[in-house]
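Note that the numbering runs from 1 along the sequence shown for the chain.
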Amino acid sequence: MNTREKIVAALEAAKGDYISGEELADSIGVSRNSVWKAIKTLKEQGYNIDAVTNKGYKLSSYSDIISREGILLYLKDEKLAECIEVYEAIGSTNDLAKKYLYSDIACKTDGSESGCHIIIAKEQTGGRGQNKSAFPSPKGGIYMSVVLPADQVKGSHKQKDISKYTREAVIKTVFEISGIKLEEGENHGLYHNKAKICGLLTEVLSDYEDGNISEYIIGIGIRYDDIALLSDRSDVTRNRMIAEILNKLI
């Protein structure tokens, strides 16, 4: 992790409490001036950070920006954080996953021992749904693709099993965190009172020569802002929702 990522991790871990600049600098191994510059950049990126003389820095308890460091706080398997990439905006998380797998371009992360990769975007400009339909993906949502090697997936009808298990994982996570009940609707979308809250798209990649499936790509798009508006709970966050879905899937 670079300096900014380390500071985000420290602030997320102490969310709502102050950490002195000296403590941050010592724990990360940089100068206080480097801490100040990193904090300035994070503020420009939208992080709600208070800076008070003789107290230090505090990340607001209401701050809810997707980050690998924030997701890590809720992961049961910390190694999963090693295979997470977070983007501000890309065309499609599924398309980027396929681009990695079909080319020699390496993922930014090394991947976990399971060989999975997780691509997360805060916005998609070319999100796709079932039957090549467009899936509007503005800022405020959760858009991610989970890549799983075929030999790591169990089940007799693997693609069908994965799609079913993904739906169950999302429905259970959303209910546990927000209290909102989702139900399956048309094209495997998940709805609340006839309003579409989540879209799912499972794709497979196969070996050119033998035709055997090599990887599964699980695409999940959640209209998180709608969930936050419907829920009466104050601890609903994007990072926690992402982590809990991953805890159930992998």
Between [atom1] on residue [X] and [atom2] on residue [Y], distance to nearest 0.5 Å:
X      : Y      : atom1 : atom2 : value
Ile177 : Arg238 : CD1   : CZ    : 12.5 Å
Tyr74  : Met241 : OH    : CE    : 11.5 Å
Tyr47  : Leu59  : OH    : CG    : 8.0 Å
Leu72  : Lys79  : CG    : NZ    : 13.5 Å
Ile119 : Ile90  : CD1   : CD1   : 6.5 Å

Does any non-hydrogen side-chain atom of [Y] lie less than 4.5 Å from one of [X]?
X      : Y      : answer
Gln45  : Leu42  : yes
Glu123 : Lys139 : yes
Asp226 : His192 : no
Ile242 : Ile222 : no
Thr166 : Val146 : no
Ile250 : Cys116 : yes
Leu182 : Arg167 : no
Glu184 : Leu190 : yes

- All side chain to side chain donor-acceptor pair (under 3.5 Å) counterparts of Ser145, not counting sequence neighbours: Thr93, Asn94
- Please list, chain by chain and in numerical order, all residues satisfying side chain to side chain donor-acceptor pair (under 3.5 Å) with Glu22, sequence neighbours excluded. none
Looking only at heavy atoms, what is the nearest atom pair of [X] and [Y], with distance?
X      : Y      : value
Phe135 : Arg223 : CE1-NH2, 3.9 Å
Asp64  : Asn239 : OD1-N, 4.1 Å
Val86  : Ser67  : CG2-C, 4.3 Å

Do [X] and [Y] share a hydrophobic cluster, counting only Ile, Leu, Val, Met, Phe, Trp and Tyr and linking them when any side-chain heavy atoms are less than 4.5 Å apart?
X      : Y      : result
Ile220 : Tyr191 : no
Ile245 : Leu230 : yes
Ile213 : Leu201 : no
Ile180 : Ile171 : yes
Ile142 : Ile218 : yes

- Query: Of all residues at least two apart in sequence or in a different chain, which pass the side chain to side chain contact (heavy atoms under 4.5 Å, CB included) check with Lys98?
  - Reply: Asp95, Tyr102, Arg128, Glu203, Leu205, Ile217
- Message: I'd like to check the side chain to side chain contact (heavy atoms under 4.5 Å, CB included) partners of Lys76; sequence neighbours left out, ordered by chain and number.
- Response: Asn247
Do any side-chain atoms of residues 31-38 form donor-acceptor pairs under 3.5 angstrom with protein atoms, and if so which ones, sequence neighbours left out?
unit_1	atom_1	unit_2	atom_2	d
Ser31	OG	Ser34	N	3.1
Ser31	OG	Ser34	OG	3.0

- Query: Is Arg240 positioned over the aromatic face of Tyr224, cation under 6.0 angstrom from the ring centre and no more than 45 degrees off axis?
  - Reply: no
- Quick one: do Lys248 and Glu176 make a salt bridge, cutoff under 4.0 Å? yes
- Query: Are any of the side-chain nitrogens in Glu168 or Lys172 under 4.0 Å away from the carboxylate oxygens of its partner?
  - Reply: no
- Task: List the steps and the verdict of side-chain hydrogen bond (donor to acceptor under 3.5 Å, both in side chains) for Glu85 and Tyr100.
- Result: CA-CA 12 Å; Glu85 298 182 35; Tyr100 282 146; 3.0 Å; yes
- Item | Heavy atoms of other groups near Glu44 CD, more than 12 under 6.0 Å | yes
- Is the number of heavy atoms from other residues, nucleotides or ligands under 6.0 Å of Lys43 NZ greater than 12? yes
- Would you tell me whether Gln124 and Ser137 have side-chain atoms, one donor and one acceptor, within less than 3.5 Å of each other? yes
Identify every side-chain donor-acceptor pair in residues 4-18 under 3.5 Å, counting partners at least two apart or on other chains, and give the distances.
unit_1	atom_1	unit_2	atom_2	d
Glu5	OE1	Asn2	N	3.0
Lys15	NZ	Ser63	O	2.6

